[in-house]
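Some notes on the structure that comes next.
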Amino acid sequence: MPRPKDKVVSSLVSKGFVPRGTHHMMLVYYTTAGQKTRACTKASHTPKMKDITDGLLAQMAKQCRLTTKEFLGLVDCPVSRAAFEELLRERGEI
């Protein structure tokens with residue numbers, strides 16, 4: 001199910017992703033200790049793009065080293081920042 005772009009971006013920022021860039025905003029995850037990780041994704045600044053489609057959500061999930069279900073949990077808030085970091089540790093991404 002598509003999600004509003006603003007909600008996805010604000011949720012990721014609240015979980016430790018830091019926005020970078022201008023045309024395509026890169027969202028890079030930093031651990032609570034300040035360590036940069038390989039988990040990152042991008043969101044277009046295109047004003048016409050109000051919702052992120054299922055296909056794009058799946059791509060964003062992959063870039064963040066998550067399954068689509070896990071990524072939606074991160075966006076919709078059942079997955080906390082600590083739980084996300086633990087998943088990255090288990091997968092050798094941190």
[atom2] on [Y] to [atom1] on [X], rounded to 0.5 Å:
X: K15; Y: R81; atom1: NZ; atom2: CZ; result: 10.5 Å
X: T41; Y: K62; atom1: OG1; atom2: NZ; result: 12.0 Å
X: L88; Y: E85; atom1: CG; atom2: CD; result: 7.5 Å
X: T68; Y: Q59; atom1: OG1; atom2: CD; result: 10.0 Å
X: I94; Y: R89; atom1: CD1; atom2: CZ; result: 5.0 Å
X: T31; Y: E93; atom1: OG1; atom2: CD; result: 13.5 Å

Taking the side chain as everything from C-beta on, heavy atoms only, tell me whether [X] gets closer than 4.5 Å to [Y].
X: L72; Y: M1; value: no
X: K7; Y: K5; value: no
X: D54; Y: P2; value: yes

Indicate the atoms forming the closest heavy-atom contact of [X] with [Y], along with that distance.
X: L66; Y: F71; value: CD1-CA, 3.8 Å
X: F84; Y: A39; value: CZ-CB, 4.1 Å
X: F17; Y: C40; value: CE2-CA, 4.4 Å
X: V9; Y: A43; value: CG2-CB, 3.8 Å

Determine yes or no for a side-chain-to-main-chain donor-acceptor pair under 3.5 angstrom, with R91 supplying the side chain and R65 the backbone.
->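 Yes.
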Sole candidate of L87, V75, V79 that passes side chain to side chain contact (heavy atoms under 4.5 Å, CB included) when paired with E70 =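 Answer after filtering L87, V75, V79: L87.
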Is it the case that one hydrophobic cluster holds both Y30 and V13, taking links as side-chain heavy atoms less than 4.5 Å apart, direct or via other members?
->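 Y30 and V13: separate clusters.
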